[in-house]
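Single-structure report; data block below.
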Amino acid sequence: KPVFQAKNGITSVSIDNRSKNVVSIAVLNTEGETVHESLSLNQNVIKYFDFKGKGKEEYTFVIKYNDTVFYNTVAVR
């Protein structure tokens, strides 16, 4: 399961991908527009997202791996 940490406008996502399956990460804004996409086959996936200066908004992370989809919404204030 992905682990999210948010502090001072920066959100980190870490995933233990021991099976080395494809990990897909998409970040959507409140309008549903994709603002970031990435793919990884690494065993340990760690991504940082800097939302400083973006204003007050919510971003939804959509993470797919191991035939499972995880959603997490982060509010930027």
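Keep in mind the model is a prediction, meaning the values are calculated, not measured. Positions are given from 1 along the sequence.
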Can you confirm whether [X] sits close enough to [Y] that some side-chain heavy atom of one is under 4.5 Å from a side-chain heavy atom of the other?
{"X": "Val62", "Y": "Leu28", "value": "yes"}
{"X": "Lys64", "Y": "Val69", "value": "yes"}
{"X": "Ile15", "Y": "Ile63", "value": "yes"}

Practice task
Spell out, as yes or no, whether a donor-acceptor pair under 3.5 Å connects the side chain of Asn42 to the backbone of Val45.
Solution key: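 Not at all, since once roles are kept as given, no pair shorter than 3.5 Å links the two residues.
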
Exercise for the section: Using modelled atom types only, decide if a donor and an acceptor are shared between the side chain of Thr34 and the backbone of His36 within a distance under 3.5 Å. Expected result: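 Checked: no pair found.
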
Handout entry: Nearest non-hydrogen partners of Lys47 and Ser38, listed with the distance
Key =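 That would be CE-OG, 3.7 Å.
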
Say you draw a straight line from [atom1] of [X] to [atom2] of [Y]; how long is it, rounded to the nearest 0.5 Å?
{"X": "Asn66", "Y": "Ser19", "atom1": "CG", "atom2": "OG", "answer": "4.0 Å"}
{"X": "Glu57", "Y": "Thr30", "atom1": "CD", "atom2": "OG1", "answer": "4.0 Å"}
{"X": "Thr60", "Y": "Tyr71", "atom1": "OG1", "atom2": "OH", "answer": "10.0 Å"}

Exercise for the section: Mark yes when over 12 heavy atoms from residues, nucleotides or ligands other than Gln43 sit less than 6.0 Å from its CD; otherwise mark no. Expected result: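 For Gln43, atom CD is crowded (more than 12 foreign heavy atoms under 6.0 Å).
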
Handout entry: Heavy-atom neighbours of Asn44 CG exceed 12 at 6.0 Å
Key =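 Counting neighbours around CG of Asn44, more than 12 heavy atoms of other residues, nucleotides or ligands fall under 6.0 Å, so yes.
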
Out of curiosity, does [Y] fall in the hydrophobic cluster containing [X] (side-chain heavy atoms, cut-off under 4.5 Å, transitive links)?
{"X": "Ile10", "Y": "Phe49", "result": "no"}
{"X": "Val13", "Y": "Val76", "result": "yes"}
{"X": "Val23", "Y": "Val35", "result": "yes"}

Handout entry: ring pair (Phe, Tyr, Trp, His ring centres under 6.0 Å) contacts touching residues 12-34 (sequence neighbours left out)
Key =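 Pairs touching residues 12-34 that pass the test: none.
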
Handout entry: Residue pairs involving residues 4-23 (criterion ring pair (Phe, Tyr, Trp, His ring centres under 6.0 Å); sequence neighbours excluded)
Key =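 Every ring pair (Phe, Tyr, Trp, His ring centres under 6.0 Å) pair that includes a residue of residues 4-23, provided the two are not neighbours, is Phe4-Phe61.
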
Handout entry: Validation row, ring centre Tyr65 to ring centre Phe70 under 6.0 Å
Key =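 Ring centroids of Tyr65 and Phe70 are less than 6.0 Å from each other.
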
Practice task
For residues 1-21, pull every pair meeting salt bridge (Lys or Arg N to Asp or Glu O under 4.0 Å), keeping only residues two or more places apart or in separate chains.
Solution key: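 Qualifying pairs, neighbours excluded: Asp16-Arg18.
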
